[in-house]
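Take a look at the structure below.
The analysis underlying the following values was restricted to heavy atoms, covering all of them including side chains, and did not include hydrogens, waters or symmetry mates. Values in this document were obtained by computation on a predicted structure and should not be read as measured data.
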Amino acid sequence: MKGDVEREYLSPDLNLLRMYRLYKENNPSSTAKFWLYRDIFKQQNLSFGQPRSDTCAKCDALFSKLTAATTDGERLKIATESELHHRKAEKAYTQLQADTEWAKANKDCHVICIDMQGVVYTPNLTHSNVYYQRQLANYNLCIQEMGTDNPPTMCLWHEGIAHRGSIEVASCLLKWVETSFAPLVHAKERKLIIYSDRCCGQNNNWRVLNLMALLVSRRYFSQIEQKFMVSGHSFLPCDRSFATLEKRRKVSTLYTPSNVAEMIHGARQQHPFKVIEMACADFRQLPDSTLKRPPGLLITSMMWLKVTGKKLKRVDFFLY
């Protein structure tokens with residue numbers, strides 16, 4: 001999965017056939033067939049289109065300030081701030097790559113990325129009356145384990161079952177852990193690292209932190225860390241899976257939530273996605289009192305959270 005975070009993207013105006021034709025125009029003496037060109041292209045870790053369509057709000061603001069700056073001093077200050085911002089973003093991706101390699105080499109270390117897909121509405125009919133009627137919103141949380149061949153897990157539910165806030169994210173993580181791991185015995189150790197964006201209503205909050213503490217107290221893990229990507233630069237491997245689902249959704253007719261589950265499961269022929277259809281009983285109001293909140297601590301300013309120890313003797317907060 002390392003290629004997911006190192007992949008380079010060509011212009012969305014290009015495609016493989018167009019590139020092959022350009023190659024033949026520039027190299028008329030070449031006898032290479034399209035199938036050979038395609039096979040070589042697949043080995044280059046390249047793809048078409050941009051990783052995501054939205055942009056970074058801070059980058060846009062800095063660019064506007066730089067355009068309006070009138071002195072060299074102002075431009076230098078803005079350029080320095082922009083450089084620091086991009087270095088932080090790059091550091092987060094570098095850390096994800098390093099943790100992924102560590103997980104490959106250590107069977108007792110597990111690294112996951114979590115992200116929420118855009119809302120999928122059912123039924124997705126195209127006649128004009130649908131646009132004036134209320135459709136059912138379906139939610140999907142992707143849990144993708146890095147450094148393994150395990151397919152991503154999609155936790156699926158609809159708005160008639162639950163919302164899509166911190167309770168739902170924590171409940172999906174708890175469900176995934178309970179179905180994937182058994183509690184540790186004796187003095188064994190197991191580490192979990194969670195990567196996510198900084199959405200406060202879903203990932204970066206005390207409820208998810210308390211879930212981490214709960215899992216440590218139940219001995220599913222001896223240590224859990226949560227690391228956040230820089231806002232606006234939070235492209236994760238989950239987005240590659242969402243792109244596959246979106247491509248499949250465009251050619252699928254979805255009448256009910258069960259059709260959405262079938263669509264997700266059949267989106268890939270090899271290594272199909274694992275689908276967990278969440279029920280009402282799976283969403284739990286987890287306790288908020290597992291950890292004591294340090295006075296004055298703003299958890300949304302933290303970039304790295306760590307819970308360790310059998311009896312929760314230590315909770316570390318890092319700001320970088």
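Within the model, atoms CD of E90 and CD of E83 stand 10.5 Å from one another, a figure rounded to the nearest 0.5 Å. Rounded to the nearest 0.5 angstrom, K188 NZ and D108 CG are separated by 8.0 Å. Going from atom CZ of R75 over to atom OG1 of T70 covers 7.0 Å, rounded to the nearest 0.5 Å. Taking CG of N27 as the start and CG of L22 as the end, the distance is 10.5 Å to the nearest 0.5 Å. Rounding to the nearest 0.5 Å places CD1 of I224 at 13.0 Å from NZ of K306. Residue N124 holds its CG atom at 6.0 Å from OG1 of T253, rounded to the nearest 0.5 Å.
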Next item on the list: Starting from the C-alpha separation in whole Å, work towards a yes-or-no answer on side-chain contact (heavy atoms from CB on, under 4.5 Å) for M229 and D197.
Entry: CA-CA 5 Å; M229 311 303 285; D197 59 31; 5.5 Å; no
Margin query: Could you go through H85 and H233, starting from their C-alpha distance and side-chain angles, then the distance that decides it, and tell me whether this counts as side-chain contact (heavy atoms from CB on, under 4.5 Å)?
Written below: CA-CA 10 Å; H85 175 66; H233 300 268; 3.1 Å; yes
Next item on the list: Start with the C-alpha gap between M116 and V169, add the side-chain angles, then the distance that decides, and say whether side-chain contact (heavy atoms from CB on, under 4.5 Å) holds.
Entry: CA-CA 9 Å; M116 187 80 74; V169 170; 4.1 Å; yes
Note to self: Please evaluate residues E101 and K104 with respect to the criterion salt bridge (Lys or Arg N to Asp or Glu O under 4.0 Å), reporting the C-alpha separation (whole Å), side-chain torsions for both, the decisive distance (0.1 Å), and the verdict.
What the structure shows: CA-CA 5 Å; E101 291 301 314; K104 290 180 180 179; 3.4 Å; yes
Notebook entry, point to check: Can you check side-chain contact (heavy atoms from CB on, under 4.5 Å) on L96 and T100, steps first, answer last?
Noted result: CA-CA 6 Å; L96 173 57; T100 299; 4.0 Å; yes
Next item on the list: Take E145 and K274, measure what salt bridge (Lys or Arg N to Asp or Glu O under 4.0 Å) needs, and give me the verdict at the end.
Entry: CA-CA 12 Å; E145 189 167 3; K274 179 182 178 182; over 6 Å; no
Next item on the list: Please step through side-chain hydrogen bond (donor to acceptor under 3.5 Å, both in side chains) for the pair S252 and N259, ending with a clear verdict.
Entry: CA-CA 9 Å; S252 301; N259 294 144; over 6 Å; no
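Between R207 and S166, the shortest heavy-atom contact is NH1-OG, 2.9 Å. The shortest non-hydrogen separation linking S241 to M154 is CB-CE, 3.8 Å. When all heavy atoms of F228 and N204 are compared, the closest pair comes out as CZ-ND2, 3.3 Å. The shortest heavy-atom contact between D99 and K227 is OD2-NZ, 2.9 Å. Residues G160 and L136 come closest through the heavy atom pair N-CD1, 4.5 Å. For R268 against P152, the heavy-atom pair with the smallest separation is NH2-CD, 3.4 Å.
In this structure, C155 and I143 have side chains that are in contact, with non-hydrogen atoms separated by less than 4.5 Å. For the pair D282 and I276, the minimum side-chain heavy-atom distance is 4.5 Å or more. Side-chain atoms of L245 and C142, non-hydrogen and from C-beta on, never get closer than 4.5 Å to each other. Looking at N140 and F242, their side chains come closer than 4.5 Å, going by heavy atoms from C-beta outward. Between L211 and L215, the closest side-chain pair of non-hydrogen atoms falls below 4.5 Å. By the 4.5 Å heavy-atom criterion applied to side chains, I299 and L305 are counted as neighbours. Between M212 and V216, every side-chain heavy-atom pair lies at or beyond the 4.5 Å cut-off. Side-chain atoms of K58 and S231, non-hydrogen and from C-beta on, never get closer than 4.5 Å to each other.
The aromatic rings of Y23 and Y37 lie tilted to each other, with the angle between the two planes from 30° to 60°.
Without hydrogens or angle criteria, S82 side chain to I78 main chain gives no donor-acceptor distance under 3.5 Å. Under the 3.5 Å distance criterion, the side-chain polar atoms of Y195 are left unmatched by any main-chain donor or acceptor of Y93. Side-chain N or O atoms of Q135 include one that pairs as donor or acceptor with a backbone N or O of P123 at under 3.5 Å. Side chain of S196 to main chain of I114: no donor-acceptor pair is present (N/O by atom type, distance under 3.5 Å, no hydrogens or angles). A donor-acceptor distance shorter than 3.5 angstrom exists from the side chain of Q202 to the backbone of R164, with no hydrogens or angles considered. The backbone N or O of S222 sits nowhere less than 3.5 Å from a side-chain atom of K191 that would complete a donor-acceptor pair. Q44 contributes a side-chain N or O that, together with a main-chain N or O of I40, makes up a donor-acceptor pair within less than 3.5 Å. With hydrogens and angles ignored, the 3.5 Å screen pairs a side-chain donor or acceptor of N205 with a backbone N or O of C200. Without hydrogens or angle criteria, S217 side chain to L214 main chain gives a donor-acceptor distance under 3.5 Å. Put simply, the side chain of W157 gets close to the backbone of H163: a donor and an acceptor are under 3.5 Å apart.
Sparse packing is recorded around NZ of K77, with 12 or fewer heavy atoms of other residues, nucleotides or ligands lying under 6.0 Å away. The number of heavy-atom neighbours closer than 6.0 Å to CZ of F41, taken from other residues, nucleotides and ligands shown, is above 12. Around the CZ atom of R38, the shell of radius 6.0 Å holds more than 12 heavy atoms that belong to other residues, nucleotides or ligands. F63 CZ: 12 or fewer foreign heavy atoms inside a 6.0 Å radius. Enclosure of atom CD in E189 is not indicated, since only 12 or fewer non-hydrogen atoms of other residues, nucleotides or ligands lie within 6.0 angstrom. Around atom CZ of R21, no more than 12 heavy atoms belonging to other residues, nucleotides or ligands sit under 6.0 Å away.
Under a hydrophobic-cluster definition in which Ile, Leu, Val, Met, Phe, Trp and Tyr are linked whenever side-chain heavy atoms come within less than 4.5 Å, directly or via other members, I264 and L236 are assigned to different clusters. Residues V119 and M263 do not share a hydrophobic cluster, clusters being chains of Ile/Leu/Val/Met/Phe/Trp/Tyr side chains in contact below 4.5 Å. A single hydrophobic cluster is seen to contain both Y139 and Y121, as judged by linkage of ILVMFWY side chains at heavy-atom distances under 4.5 Å, directly or through other members. When hydrophobic clusters are built by joining Ile, Leu, Val, Met, Phe, Trp and Tyr residues whose side-chain heavy atoms come closer than 4.5 Å, directly or via intermediates, F34 is grouped together with L46. Hydrophobic cluster membership differs between M146 and F273, with clusters built from Ile, Leu, Val, Met, Phe, Trp and Tyr side chains linked at under 4.5 angstrom.
Here R249 pairs with E246 in a salt bridge; the nearest charged N to carboxylate O distance falls below 4.0 Å.
Between the side chains of D39 and Q43, no donor-acceptor pair of N or O atoms lies under 3.5 Å.
For the side chain to side chain contact (heavy atoms under 4.5 Å, CB included) criterion with P257, the lone passing option out of I161, N138, L156 is N138.
For F181 and F221, the gap between ring centers is short of 6.0 Å.
A cation-pi arrangement is not found for R190 relative to Y220, the charged atom failing to lie both closer than 6.0 Å to the ring centre and inside a 45° cone about the ring normal.
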